[in-house]
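Here is the structure we will look at.
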Amino acid sequence: MSDQARPVRVRFAPSPTGFLHVGGARTALFNWLFARNQGGAFILRIEDTDLMRSTEESTGRILSSLRWLGLDWDEGPGVGGDFEPYFQTQRLPFYRAAMEQLLGRGHAYYCYCTQEELQARRKAALAQRRAPGYDRRCRYLTNDERMALAEEDRTPAVRFAMPPEGHTVVHDLIRGDVRFANDQLDDLVIMKADGTPTYNFAVVVDDMLMKISHVIRGDEHLANTPRQIRIYEALEYPLPEFAHVSMILGEDGSKLSKRHGATSLAEYWESGYLPEAMFNFLALLGWAYDDKTEIMTREEIIQRFRLDKVNPSPAVFSRQKLDWMNGVYIRGLDQDDLAMRLLPHLLQADLKADEGMTRRLVPLVQERIKVLRDAVELVDFFFTDKLHYQAEGLIGKKMDAADSLQALRRVVDVLEGVPSFDEEALERPLRELTEQLGLKAGQLFGIIRVAITGKQVAPPLFGTLSILGRERTLARLRKAEAALLKLVNDDRV
RNA sequence: GGCGCAUUCGUCUAGUGGCCUAGGACACUGCCCUCUCAAGGCAGAGGCAGGGGUUCGACUCCCCUAUGCGCUACCA
């Protein structure tokens, strides 16, 4: 069914009723990748016909998340295009025209049933174990009956007249042919009584008018596709290609929701995931290049992406794997780049960092953070002189307080006399001291670590000392000395 | 209820009838490296949902069952 070389035009069409969900982001990404791979156009259209739930703020959030991920659109909000407008609420005349066309050709009809009646009948049908679909009673109304209903002041909706028999086959690029019996398709409302179109109608009209060649969207729309196909045909317009990508699930296999943790792209952005890592990770959710390649640049992914290689089964969003991948990308960043990305996170955590200081910290954290925000607790001790730790933590492994105190005093002596606080200048004498004291490196360095950072787990020692500087280091060591002395004395009492 | 989609290690996946004694990655376990934590190296454990066919031969094709999910709205 491939049309003879229609230019590739795909679209992502979110409804602005919240933020951009990772599932939506993946759908957008696949559309974008396909467009870029094919040299086609990626169009963004805002489906805001749900007046009650749509907000402008939400539109803004979605756009900024897309930009963050690096998915630029060729047509749509902010950039315009040949098929404006790109907001459905501004396209009402188009839907009305299409509706008139269908009405005129007998492919659609007015339905005077009220929502209450519909609901009651659906309930009754379900109770009797009958199919709950619309019973088509308005479809075969005589003119007189129609007039009578109209007099009652009922504002009609418009329904699409489905062919009552036969079947409709959806040719799906990911799933193959999917066959639906037409008698399963009921006469869906295409235009609500308030004059706004329903989703299934608006998408068809928009995709048609915007000359969309490939409809790549979530799996949940597959069952709607035969209805849409019938509308295309009634409108006498060639079908686009369809590709339905599977859903993204939470760790427990159920539909991804808030209780699974972060679901919006913005949350990942805020906690310090790199857009390039998220891009790579999302691309691999339901698609793979081969049996081993995972880390790929944006360009490599564009070049390698194939729609027919997309996996039809749902995928669980694995935070752990994302974390790993983000770590890989962080480690791959050059130091200045990482510093610039880190700085806002440090500032946000109220650490009084500046560019220069952040640059110096980078080598200390680059290998040990998975998300940018992790750096905060790794380096916070540089930004305060009030350390909170238990004095017991100053006692070295397999040592007692008195031994530790003695060792600490020797450390102070050594560091007072050391000519420079460069890493290299520090390491030699401290290692020699361990030997003199008959201690293992871990014992002595552990004591120093706690004394200057207040933590058992911290970045490498010499780099830390060097950045902290002689004065602050010695001050912290002396405080630790005092704390240990107190411990020793308390023991004696 | 009806219709539809899906089902390979815990997770993401490779696999399109013999290359599979099923490959890679995350996570996990052990060892190595090591000033803690990481990072890194090596090794290990772990899977074709179940049952029938088709075939000389099925992870791969067909059917059934099970399970999960979606649609069945004047939501999108």
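Protein chains get the first letters and strands the later ones, always in sequence-line order, with residue 1 at the start of each. We use all heavy atoms of the structure for the numbers below, so side chains are in, but hydrogens, waters and symmetry mates are not.
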Exercise. On RNA chain B, nearest-nucleotide positions of A:Ala458 versus A:Trp324: which is more 5'?
Worked result: A:Trp324
For this session: Looking at every strand, decide which applies to A:Glu220 at a 4.0 Å heavy-atom threshold: base, sugar-phosphate, or nothing.
Result: sugar-phosphate
Exercise. What are the residues of residues 119-127 of chain A, sorted by number, that bring a heavy atom to within less than 4.0 Å of RNA chain B?
Worked result: A:Arg122
Exercise. Contact class for A:Gly218 (heavy atom, under 4.0 Å): base, sugar-phosphate, or nothing?
Worked result: nothing
For this session: Would you mind classifying the nucleic acid contact of A:Ala193 as base, sugar-phosphate or nothing, using non-hydrogen atoms under 4.0 angstrom?
Result: base
Exercise. If you look at every strand shown and take non-hydrogen atoms under 4.0 Å, does A:Gly446 touch a base, only sugar-phosphate, or nothing?
Worked result: nothing
For this session: Look at all strands and tell whether A:Asp50 reaches a base, only sugar-phosphate, or nothing, counting heavy atoms closer than 4.0 Å.
Result: sugar-phosphate
Exercise. When rounded to the nearest Å, what value does the distance between P atoms of B:rC32 and B:rG70 take?
Worked result: 49 Å
Exercise. With a 4.0 Å cut-off on heavy atoms, is A:Arg319 in touch with a base, just the backbone sugar-phosphate, or nothing at all?
Worked result: nothing
Exercise. Is A:Pro459 touching bases, backbone alone, or none of the nucleic acid, heavy atoms closer than 4.0 Å?
Worked result: base
Exercise. Base, sugar-phosphate alone, or nothing: which one does A:Leu430 contact when heavy atoms must sit under 4.0 Å apart?
Worked result: nothing
Exercise. Heavy atoms under 4.0 Å, any strand shown: does A:Glu47 hit a base, just sugar-phosphate, or nothing?
Worked result: sugar-phosphate
Exercise. Base, sugar-phosphate alone, or nothing: which one does A:Pro314 contact when heavy atoms must sit under 4.0 Å apart?
Worked result: sugar-phosphate
For this session: Looking at every strand, decide which applies to A:Lys292 at a 4.0 Å heavy-atom threshold: base, sugar-phosphate, or nothing.
Result: sugar-phosphate
For this session: Using the P atom on both, measure B:rG40 against B:rC26 and round to a whole Å.
Result: 8 Å
Exercise. Roughly how far apart, to the nearest Å, are B:rC9 and B:rA45 at atom C1'?
Worked result: 10 Å
For this session: Provide the distance between the two P atoms, one in B:rG30 and one in B:rU67, to the nearest whole Å.
Result: 38 Å
For this session: Could you tell me whether A:Arg304 sits above the aromatic face of A:Tyr289, with NZ or CZ closer than 6.0 angstrom to the six-membered ring centre and within 45 degrees of the axis?
Result: yes
Exercise. Counting any heavy atom closer than 4.0 Å, what does A:Lys309 reach on the DNA or RNA strands: base, sugar-phosphate only, or nothing?
Worked result: sugar-phosphate
Exercise. Do A:Tyr329 and A:Tyr273 have ring centroids that are under 6.0 Å from one another?
Worked result: no
Problem set entry | Sugar-phosphate only, base, or nothing, as touched by A:Leu285 at under 4.0 Å among non-hydrogen atoms | sugar-phosphate
For this session: For A:Asp323, report the nucleic acid contact type (base, sugar-phosphate, nothing); a contact means any heavy atom under 4.0 Å.
Result: nothing
Exercise. Which nucleotide span of RNA chain B, 5' end to 3' end, has atoms closer than 4.0 Å to non-hydrogen atoms of chain A?
Worked result: B:rG1 to B:rA76
